A.B. asks: 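Starting off with a structure, shown below.
Note that the structure is a prediction, hence the values are computed from the model and not measured. Order of listing sets the numbers, starting from 1, for every ligand and every atom in it. Computed over heavy atoms, backbone and side chain alike; hydrogens, waters and symmetry mates excluded.
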Amino acid sequence: MKEVKSTCCYCGVGCGIIITADKGKIVAVRGDPDHPANYGRLCTKGSNLHRSAATDTRLLFPELRLERESSRQKLDWDEALDYAAGRFAGIIREHGPDSVAFYVSGQLLTEDYYIFNKLAKGLIGTNNIDTNSRLCMSSAVTGYKKTLGADAPPACYEDIERARCIFIAGSNTAYAHPILFRRIEAARQANPGLKIIVVDPRRTDTASVADLHLPILPGTDVALFNAMLHVLLWEGLADMDYIRAHTDGFDALKDTVREYTPESAADICGVPAKDIIQAARWFGGSGASLSLYCQGLNQSSHGTDKNAGLINLHLATGQIGKPGAGPFSLTGQMNAMGGREVGGMANLLPAHRDMANPAHREEVARLWGVNQIPSQPGKTAVELFEALRQGEIKAVWIVCTNPALSMPDQGRVREALEKAEFVILQEAYRHTETSPYADLLLPAASWGEKEGTVTNSERCITRLQPARIPPGEARPDWEIATDFARRLGSKLRHPSWQALFPYASAEAVFNEHRESTRGRDLDITGLSYRLLGEQGPQQWPFREGESGGQVRLYADGVFPTPTGKAGFMNVRYQKVAEMTDASYPFHFNTGRLRDQWHGMTRTGTVARLFSHAEEPVLSMNAEDMRLRGIQDGDVAQVSSRRGACTVRVQSSPEMQPSQVFMPMHWGSRFMSTSGANALTTPAFDPVSFQPELKHAAVKIEKLPYRWQMVALRKNGALAMLPRVQALLPGFQHASLGLSGQDEPVLVLRVAGDAPLDPILIERLDRLMGLDDPDATLRYDDARRGISKRILVDHGMVVGARLSGETMARDWLKEMMASGLPIEQIRLWALAPVNTAPAGSVARGKIVCNCNNVSEREIFDAIGKGSDLAFLQSGLRCGTECGSCLPELKRMLARGNRFSQMPMTKTL
Ligand SMILES: Nc1nc2c(c(=O)[nH]1)N[C@H]1C(S)=C(S)[C@@H](COP(=O)(O)OP(=O)(O)OC[C@H]3O[C@@H](n4cnc5c(=O)[nH]c(N)nc54)[C@H](O)[C@@H]3O)O[C@H]1N2
Ligand SMILES: Nc1nc2c(c(=O)[nH]1)N[C@H]1C(S)=C(S)[C@@H](COP(=O)(O)OP(=O)(O)OC[C@H]3O[C@@H](n4cnc5c(=O)[nH]c(N)nc54)[C@H](O)[C@@H]3O)O[C@H]1N2
Ligand code: SF4
Ligand SMILES: [Mo]
């Protein structure tokens with residue numbers, strides 16, 4: 001047994017984790033009590049990390065496919081990297097350096113990121129390296145730079161405890177940054193005077209704890225912020241001394257906000273003027289106002305303006321650089337910050353340098369020992385895939401991201417991947433939506449196997465230690481890139497290739513990165529691997545000779561701009577890129593669920609992470625559904641001008657009229673279409689180039705699907721998953737998931753109206769073992785349209801397929817998960833019904849994941865008069881990670897108002 005310190009690989013909170021490994025296997029995780037991000041706590045995703053660490057779904061060897069239609073062959077690393085270097089060198093020689101591109105990820109470690117950036121900009125001489133952070137944080141970067149002068153979140157987590165007003169805009173903290181949300185809950189308990197304001201078109205779990213929720217119309221944040229500034233000025237709540245001493249550009253903005261009266265903004269935003277005034281008063285009068293914000297601001301065609309509009313409020317009130325105050329952008333991925341630090345984007349250079357600045361280019365060229373850094377900015381994510389589609393870029397190397405799920409407008413992205421001459425995918429997992437497009441697959445080491453550093457939202461750098469060696473032939477990302485770079489350098493006869501990539505360890509890469517920060521705003525010359533190992537996580541800047549990092553920035557009111565002053569940005573409200581109209585009347589919003597992570601390569605292997613949300617649903621306002629004759633569970637076709645997807649619809653009290661929401665997680669591996677991003681728009685912000693993933697116009701048509709089928713399989717569910725996934729496109733509507741606790745049950749749900757293809761069903765039955773006449777009970781009643789297959793192994797039910805009508809599915813699934821002897825259901829299995837036996841009830845949605853407590857059990861207890869303390873002591877829900885606490889509170893509030901408990905309908 002050994003224990004090592006690491007961090008969680010998911011969100012930007014960056015929780016410290018202690019991993020326990022035994023004989024090369026990761027067997028347990030717990031929160032690191034000494035880590036300043038979480039002090040020992042973990043959310044549902046983090047506390048299930050060891051369950052996702054099994055290696056059976058991993059990519060284990062380099063694999064090459066010479067022709068698109070042929071199958072892939074295993075290679076060794078020398079063959080794979082020689083081949084890759086040969087292809088890249090050939091394309092570069094023929095078409096120039098800008099004919100190749102890299103698309104990397106905020107989930108790489110800082111050292112990985114540093115190497116890829118140097119490989120593209122230093123060795124090859126192309127700035128065509130962009131990252132999924134373009135879809136995530138780039139508006140936060142431009143927002144900070146345009147106002148404060150540098151890309152640095154000035155606040156820290158401790159400010160949550162010190163704030164007297166927390167302004168949360170476009171962030172569903174309860175789901176997306178749960179451990180920070182626990183800190184917000186604790187702050188609220190410790191300080192009853194704390195005011196919480198939430199700005200989100202949806203009434204999320206985060207909004208449910210707010211003193212004031214502003215459900216603004218999508219995309220209207222700038223109007224709200226400007227109106228708040230209008231009120232602050234009108235009511236004398238602005239800090240004129242601070243404005244005079246520490247800022248520039250106020251007068252122009254003041255002229256602009258004159259016209260943003262609360263009444264005019266109320267019209268634009270669709271919220272009462274009095275609420276806007278209240279928000280401004282709390283923000284301006286609290287004495288310590290902290291803003292937390294994320295994709296509701298960033299993923300917008302005016303994301304820079306939204307960020308700057310909010311930062312304007314902080315500058316106008318002097319709410320920055322002091323305890324409990326500041327504009328605090330929450331980072332999405334665990335190392336989105338590290339990527340920004342090493343300048344791993346198409347328009348950035350290492351250590352917060354700018355490509356547009358000739359002096360910066362020269363500094364970096366000197367640092368790296370190359371003649372020059374190309375001045376032409378590279379292609380940003382959306383442009384990069386478009387150039388690939390147009391044939392301008394011929395080869396792309398994709399690392400640690402899944403663009404065939406996460407990029408907007410999938411139709412075009414997939415066309416681009418199809419057209420590309422050469423696609424390398426460097427992945428930890430065998431199957432992703434992108435892997436079918438890859439010519440060369442390179443297996444990467446992943447969480448728990450890598451050595452290096454990451455930076456979280458509060459500028460805090462943690463060093464990760466590996467807990468086990470990577471499975472198969474997988475190698476750390478930085479090492480793969482270094483090995484490739486040496487081969488490519490020699491093939492291209494680069495004058496200094498031998499000196500460019502000398503690294504023998506991740507630490508050597510870190511040391512070079514550290515040197516690049518000398519004298520910059522993020523200077524970390526006082527840090528070393530040893531110090532990070534001995535003294536734990538440290539915040540930047542941390543200069544040579546200093547004894548610690550800087551907790552908060554700009555306490556002295558001096559900003560990293562030429563004048564030393566911050567600048568107001570004169571922002572005006574502008575409409576979203578695609579407004580709704582008569583043909584596409586619904587506003588399509590997308591985002592995250594509590595227990596899934598992006599494309600589900602990791603969370604999608606853990607059965608219990610499906611229990612909170614088993615399938616993708618389109619959430620919709622109940623009145624909108626009534627008007628269109630749509631009922632809970634109906635399948636609808638949702639389409640935009642770019643694409644369509646089929647999905648079940650569910651009414652949600654969170655949704656305003658004319659707005660719908662779909663989670664981003666399910667793509668073509670888990671459903672029969674390519675998911676939410678089949679519909680989204682590639683329109684982007686003109687400054688940050690971040691696409692507008694939160695806003696598209698769609699129409700919704702109910703599909704006349706009465707016919708259903710459910711297939712369930714236990715024992716070997718994970719191994720079966722990719723093979724069943726391959727069948728999904730054959731169905732009119734289908735989704736796939738897991739159920740159960742430790743031994744997963746695979747759940748396939750199908751709906752349609754056309755007769756099912758018998759060959760498809762035969763293939764499914766064969767895959768699931770339901771075709772074995774000796775082990776399967778069969779019942780068919782063509783007249784009633786009922787068909788059942790029950791697979792038995794050693795007296796236990798391990799597989800089932802119900803079609804026609806499938807009312808028994810939840811009951812059967814739960815029974816199978818906990819172990820169902822065939823004797824218990826033999827009569828039912830051969831009876832002409834597909835409803836569950838009388839008296840049996842399914843438990844329904846699991847609310848508390850840690851202790852496996854269902855919504856039904858909670859509502860029963862509330863019906864008997866339980867309060868929160870009683871729920872916690874009686875059912876033990878909400879006593880471990882706390883991720884379900886907001887939901888428990890909401891259920892209590894609802895339960896007290898209704899005589900009958902409004903259970904989530906099983907669809
Ligand atoms: N469970 C989970 N947690 C995650 C992730 C995950 O995949 N799963 N991913 C991580 C990553 S990479 C990121 S970037 C973060 C994202 O974290 P968040 O940004 O908090 O999450 P989202 O659900 O994408 O969007 C947040 C909210 O923006 C709202 N919104 C939409 N349009 C507007 C608008 O015009 N104005 C305002 N004010 N709000 C709007 C949406 O209704 C939504 O509730 O989460 C991180 N944490
Ligand atoms: N509609 C819609 N689309 C969105 C968003 C949205 O809100 N709405 N959000 C956007 C945002 S903010 C983000 S951040 C993106 C996220 O989108 P992606 O980056 O596509 O999401 P992930 O599934 O996290 O992809 C990471 C991949 O890296 C692999 N991996 C894990 N560890 C390692 C490793 O150590 N090395 C390597 N080489 N590979 C590894 C994983 O298996 C996984 O396939 O999605 C964006 N897309
Ligand atoms: S809040 Fe949850 S997902 Fe985010 S780092 Fe912490 S444990 Fe991981
Ligand atoms: Mo993100």
A.B. asks: Assess Arg602 against Trp597: is NZ or CZ under 6.0 Å from the centre of the six-membered ring, and within 45 degrees of the ring's axis?
C.D. replies: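 No, Arg602 and Trp597 do not form such a contact.
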A.B. asks: Starting from the C-alpha separation in whole Å, work towards a yes-or-no answer on side-chain contact (heavy atoms from CB on, under 4.5 Å) for Glu427 and Thr434.
C.D. replies: CA-CA 10 Å; Glu427 246 296 334; Thr434 307; over 6 Å; no
A.B. asks: Any heavy atom of Trp597 closer to ligand 2 than 4.0 angstrom?
C.D. replies: yes
A.B. asks: Just which atoms of ligand 2 are under 4.0 Å from any heavy atom in Lys694?
C.D. replies: 7 (O)
A.B. asks: Does ligand 2 have a heavy atom under 4.0 Å from the side chain of Thr401, from its backbone, from both, or from neither?
C.D. replies: both
A.B. asks: Can a salt bridge be assigned to the pair Arg594 and Asp205 using a cut-off of 4.0 Å between side-chain N and carboxylate O?
C.D. replies: no
A.B. asks: Does ligand 2 come near enough to Pro403 that some N or O of the ligand is less than 3.5 Å from an N or O of the residue?
C.D. replies: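 Checking ligand 2 against Pro403, no N or O pair falls under 3.5 Å apart.
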A.B. asks: Do any nitrogen or oxygen atoms of Lys45 come within less than 3.5 Å of a nitrogen or oxygen of ligand 1?
C.D. replies: yes
A.B. asks: Would you mind listing which atoms of ligand 1 come within a distance below 4.0 Å of any non-hydrogen atom of Tyr175?
C.D. replies: 1 (N), 2 (C), 3 (N)
A.B. asks: Any idea which part of Pro408 is under 4.0 Å from ligand 2, heavy-atom wise: side chain, backbone, both or neither?
C.D. replies: neither
A.B. asks: My understanding is that we take every heavy atom of each candidate and find the minimum distance to atom 46 (C) of ligand 2. Doing that for Ser406, Ala381, Gly12, Gly332, which one comes out nearest?
C.D. replies: Ser406
A.B. asks: Please tabulate, for the side chains in residues 405-414, all donor-acceptor contacts under 3.5 angstrom to protein atoms that are two or more places apart in sequence or on a different chain.
C.D. replies:
from: Ser406; atom 1: OG; to: Asn402; atom 2: O; distance (Å): 3.1
from: Gln410; atom 1: OE1; to: Arg414; atom 2: NE; distance (Å): 2.9
from: Gln410; atom 1: NE2; to: Pro403; atom 2: O; distance (Å): 3.0
from: Gln410; atom 1: NE2; to: Met407; atom 2: O; distance (Å): 2.8
from: Arg412; atom 1: NH1; to: Glu386; atom 2: OE1; distance (Å): 3.1
from: Arg412; atom 1: NH1; to: Glu386; atom 2: OE2; distance (Å): 3.2
from: Arg414; atom 1: NE; to: Ala404; atom 2: O; distance (Å): 3.4
from: Arg414; atom 1: NH2; to: Ala404; atom 2: O; distance (Å): 2.7
from: Arg414; atom 1: NH2; to: Ser668; atom 2: OG; distance (Å): 2.9

A.B. asks: Heavy-atom contacts under 4.0 Å between Asp477 and ligand 2: side chain, backbone, both, or neither?
C.D. replies: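 Answer for Asp477: side chain.
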A.B. asks: What residue and atom, counting heavy atoms only, is the protein's closest point to atom 43 (C) of ligand 2, and at what distance?
C.D. replies: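 Ranking protein heavy atoms by distance from atom 43 (C) of ligand 2, first comes Glu427 OE2, 3.2 Å.
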A.B. asks: Which bit of Asn677 is near ligand 2, meaning a heavy atom under 4.0 Å away: side chain, backbone, both or neither?
C.D. replies: side chain
A.B. asks: Report the member of Gln295, Arg592, Met137 with the shortest heavy-atom distance to atom 13 (C) of ligand 2.
C.D. replies: Arg592
A.B. asks: Using a strict cut-off of 2.8 Å, how many protein N/O/S atoms surround atom 6 (Fe) of ligand 3?
C.D. replies: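 For atom 6 (Fe) of ligand 3, protein nitrogen, oxygen or sulfur atoms under 2.8 Å: 1.
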A.B. asks: Compute the shortest N/O to N/O distance between Arg594 and ligand 1 and return yes if it is under 3.5 Å, no if not.
C.D. replies: yes
A.B. asks: Should Cys11 be counted as touching ligand 1, given the test is an N or O pair under 3.5 Å?
C.D. replies: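 No.
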A.B. asks: Is the closest heavy atom of Leu593 to ligand 1 under 4.0 Å?
C.D. replies: yes
A.B. asks: Out of Met600, Arg430, Lys450, Gln299, whose heavy atom sits nearest atom 5 (C) of ligand 2?
C.D. replies: Gln299
A.B. asks: I'd like to know whether Trp397 forms a ring pair (Phe, Tyr, Trp, His ring centres under 6.0 Å) with Phe484, so could you lay out the CA-CA distance, the side-chain angles of the two residues, the decisive distance to 0.1 Å, and finally the verdict.
C.D. replies: CA-CA 12 Å; Trp397 187 326; Phe484 169 84; 4.5 Å; yes
A.B. asks: Of all the atoms in ligand 1, which lie at a distance below 4.0 Å from a heavy atom belonging to Gln333?
C.D. replies: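 Counting atoms of ligand 1 from 1, those under 4.0 Å from Gln333 are 12 (S).
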